[in-house]
Amino acid sequence: MKLLVYVVVLLTCTGTCFSANDRLLVNMTIVRSAADIGAYCLDGSLPAYHIHRGFGAGARNWLLQFEGGGWCNDIESCAARAQTRRGSTRFMNKLETFSGILSNNASRNPDFYNWNRVKIRYCDGGSFAGDATHDDGKLVLYFRGQRIWQAIIEDLLPKGLSHANKALLSGCSAGGLASYLHCNNFTNYLPNTTAVKCLGDAGFFLDSPDITKNHTQRTFFQQLVTLQGIEKNLDESCTSSISDPKQCIFPQYLLKYITSPFFILNSAYDVYQFHHILVPPSADLRGHWNRCKLDPKACLPAQLHILQGFRVEMLTALRSFLFNSTRGGVFINSCFSHCQSESQDTWFAPDSPQIHNETIAESVGDWYFGRNVSKKIDCPYPCDTTCHNLIGTGSTNDLSQINS
Ligand SMILES: *[C@@H]1O[C@H](CO)[C@@H](O)[C@H](O)[C@H]1NC(C)=O
Ligand SMILES: *[C@@H]1O[C@H](CO)[C@@H](O)[C@H](O)[C@H]1NC(C)=O
Ligand SMILES: *[C@@H]1O[C@H](CO)[C@@H](O)[C@H](O)[C@H]1NC(C)=O
Ligand SMILES: *[C@@H]1O[C@H](CO)[C@@H](O)[C@H](O)[C@H]1NC(C)=O
Ligand SMILES: *[C@@H]1O[C@H](CO)[C@@H](O)[C@H](O)[C@H]1NC(C)=O
Ligand SMILES: *[C@@H]1O[C@H](CO)[C@@H](O)[C@H](O)[C@H]1NC(C)=O
Ligand SMILES: *[C@@H]1O[C@H](CO)[C@@H](O)[C@H](O)[C@H]1NC(C)=O
Ligand SMILES: *[C@@H]1O[C@H](CO)[C@@H](O)[C@H](O)[C@H]1NC(C)=O
């Protein structure tokens with residue numbers, strides 16, 4: 001089994017990947033103590049993380065990265081997920097590749113390579129925020145994301161996290177959302193002498209209607225929050241000052257209550273949001289958008305106009321953060337991508353995406369270490385020639401990354 005996993009990892013490394021022998025593969029740590037507080041994956045298996053120790057000047061710094069992978073918002077989809085690597089550590093690869101922000105190579109990850117780096121595996125389907133159980137006599141499903149988060153933090157604290165000099169909570173997609181949701185809680189676990197900051201990559205999911213004016217994403221999140229018992233774990237300052245507390249799962253409403261410095265990394269044409277929020281299948285039954293979804297160059301002028309409108313909505317939702325947050329960072333590029341911090345080619349490589357001549361790794365580093373103000377907004381599509389678009393590359397294979 002272990003050998004099989006290893007072979008699969010090596011085989012998937014083709015094209016732009018680095019050669020197999022200089023990839024960093026990190027072993028899984030199962031959190032046994034999680035059982036004590038009922039912190040289970042959807043199927044009842046124990047949660048896990050992967051840790052690679054820091055060294056040298058980074059030995060007392062900690063980066064925690066939430067894995068992403070969508071959500072499940074009803075019993076059917078959660079039951080299906082419980083049988084996959086998204087809902088059970090039993091089905092996960094035990095060796096995880098650490099690249100991009102998780103790389104240990106200074107040439108590929110100049111600011112965080114020597115930190116303690118932890119990848120937190122995602123198996124609850126609720127951005128690490130649920131707390132409920134489904135038991136209908138035939139099927140048991142555990143919605144215990146909040147407890148998983150707590151169990152993992154409490155496991156890491158005695159391993160050195162409690163004495164961190166610097167800390168960064170990060171994550172991508174559903175894990176990016178988790179980073180918004182848990183930033184304050186993370187800060188509270190650490191001494192006030194630790195410099196704590198948070199980064200949300202591709203997690204700025206907009207509360208925006210689809211092209212038929214249906215609030216598809218709002219409905220989806222409301223079902224998710226209800227099913228998984230998330231509402232009680234949302235930020236109290238937010239839930240007590242909004243008419244529908246469930247809305248506090250949206251970063252745009254939660255943002256002003258996050259007290260630690262936050263970096264928002266997102267594409268203005270985030271492919272997940274394009275395909276699931278702006279033009280979900282239910283809003284395009286006749287498939288008018290199919291070609292445009294596969295290749296932005298095939299979009300009709302009217303479709304591009306709608307995409308530009310989505311970008312403006314995102315910038316509008318960010319306005320107050322952009323102008324008023326003195327300690328925040330922003331990198332909103334105009335690429336058809338989703339998750340740019342964990343893959344080496346988008347994080348830091350000779351041809352990585354840039355805004356004003358700066359890569360994502362440089363911007364995040366400038367912000368974290370206070371070297372420079374990092375608030376970068378790209379010009380609208382198609383001006384940016386540095387993009388690594390997930391779509392329009394002729395490889396539909398890349399689309400499988402959209403959900404991760
Ligand atoms: C570190 O990354 C550089 C640039 O990609 C590469 O040339 C070098 O071989 C890597 N070093 C190790 C030890 O993997
Ligand atoms: C991975 O961890 C398991 C369990 O802790 C251990 O038995 C195994 O030897 C480790 N494998 C590697 C390659 O480090
Ligand atoms: C983090 O959040 C959990 C759940 O709301 C809570 O029980 C815990 O006390 C919080 N931890 C800290 C240090 O605030
Ligand atoms: C930090 O915490 C210590 C002990 O908990 C407390 O004495 C001190 O006043 C705190 N400092 C600040 C700046 O909050
Ligand atoms: C509106 O969105 C909901 C949730 O995705 C979906 O179930 C419903 O079919 C949509 N209605 C229309 C008219 O598209
Ligand atoms: C910045 O904050 C001030 C005071 O809260 C507010 O009046 C102003 O509208 C904010 N600016 C933006 C662009 O949101
Ligand atoms: C962009 O950055 C590179 C390397 O940091 C530098 O050599 C080059 O002069 C910069 N170009 C511009 C237009 O600023
Ligand atoms: C800081 O950022 C500005 C604007 O992006 C840039 O012109 C300047 O060169 C940067 N300074 C340093 C020291 O990197």
Side-chain angles (χ1 to χ4, degrees), residues 13 16-26 34 36-39 52 55 64 97-114 124 126-132 143-157 161-162 164 167 169 178-192 194 196 198 225 228-241 245 248-249 252-260 315-328 330 343-352 359 361 375 377:
C13 189
T16 56
C17 289
F18 295 97
S19 67
N21 55 4
D22 72 358
R23 293 191 114 195
L24 173 61
L25 295 170
V26 179
D36 301 345
I37 58 166
H52 194 251
F55 53 93
L64 272 56
T97 302
F98 272 30
S99 61
I101 196 171
L102 292 174
S103 169
N104 65 336
N105 182 333
S107 318
R108 295 175 185 173
N109 186 23
D111 287 308
F112 306 103
Y113 72 100
N114 58 358
D124 60 277
S127 281
F128 298 87
D131 191 9
F143 304 122
R144 301 290 177 82
Q146 181 74 33
R147 296 187 200 210
I148 291 175
W149 158 246
Q150 192 182 328
I152 287 177
I153 282 289
E154 284 169 6
D155 192 76
L156 292 172
L157 285 169
L161 177 61
S162 65
L169 182 65
S179 190
Y180 287 91
L181 298 177
H182 294 303
C183 185
N184 285 345
N185 195 246
F186 181 56
T187 308
N188 289 339
Y189 273 109
L190 299 175
N192 59 14
T194 307
V196 186
C198 309
V225 169
Q228 297 221 15
I230 290 175
E231 188 174 318
K232 58 180 174 289
N233 293 321
L234 296 173
D235 187 278
E236 266 183 46
S237 319
C238 180
T239 54
S240 62
S241 49
C248 290
I249 194 171
Q252 68 202 78
Y253 308 122
L254 174 61
L255 202 49
K256 65 176 171 209
Y257 303 104
I258 298 179
T259 49
S260 294
L315 298 182
T316 305
L318 285 170
R319 218 180 106 84
S320 139
F321 184 79
L322 271 169
F323 284 88
N324 278 343
S325 164
T326 50
R327 301 178 307 164
V330 177
S343 71
Q344 192 59 51
D345 60 336
T346 46
W347 173 247
F348 192 63
D351 65 344
S352 286
T359 60
K375 286 190 180 166
I377 307 286

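We count ligands from 1, going down the list as the structure has it; atoms in each ligand are counted the same way. In this text, all values refer to a predicted model and were calculated from it rather than measured experimentally.
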Identify, by atom number and element, the atoms of ligand 1 in contact range of N105, meaning under 4.0 Å from any of its heavy atoms.
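By the 4.0 Å cutoff, the relevant atoms are 1 (C), 2 (O), 3 (C), 8 (C), 10 (C), 11 (N), 12 (C), 14 (O).
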
Using 30° and 60° as the class boundaries, would you call the ring planes of H182 and W149 parallel, tilted or perpendicular?
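H182 vs W149 ring planes: parallel.
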
Contact residues of ligand 6 with a heavy-atom cut-off of under 4.0 Å?
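Residues R319, S320, F323, N324 each place a heavy atom under 4.0 Å from ligand 6, listed by chain and number.
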
With side chain to side chain contact (heavy atoms under 4.5 Å, CB included) as the criterion, how do Y113 and N105 come out once you've worked through the C-alpha distance, each side chain's angles and the decisive distance to 0.1 Å?
CA-CA 6 Å; Y113 72 100; N105 182 333; 5.8 Å; no

With sequence neighbours excluded, tell me which residues meet side chain to side chain donor-acceptor pair (under 3.5 Å) with T326.
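T326 satisfies side chain to side chain donor-acceptor pair (under 3.5 Å) with no other residue.
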
Under 3.5 Å side-chain donor-acceptor pair for T359 and S352:
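Short answer, no.
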
Residues N233 and D131: side-chain donor-acceptor under 3.5 angstrom
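No pair is found: no donor N or O on one side chain lies under 3.5 Å from an acceptor on the other.
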
For D124 and R144, run salt bridge (charged side-chain N to carboxylate O under 4.0 Å, His left out): C-alpha distance rounded to whole Å, both residues' side-chain angles, the deciding distance at 0.1 Å, then the answer.
CA-CA 6 Å; D124 60 277; R144 301 290 177 82; over 6 Å; no

Work out which heavy atom in L190 is nearest to a heavy atom in L157; give both atom names and the distance.
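In this case the closest contact between L190 and L157 is CD2-CD2, 4.0 Å.
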
If you measure every N or O of N185 against every N or O of ligand 3, does any of those distances drop under 3.5 Å?
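Yes; the residue has a nitrogen or oxygen that sits under 3.5 Å from a nitrogen or oxygen of the ligand.
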
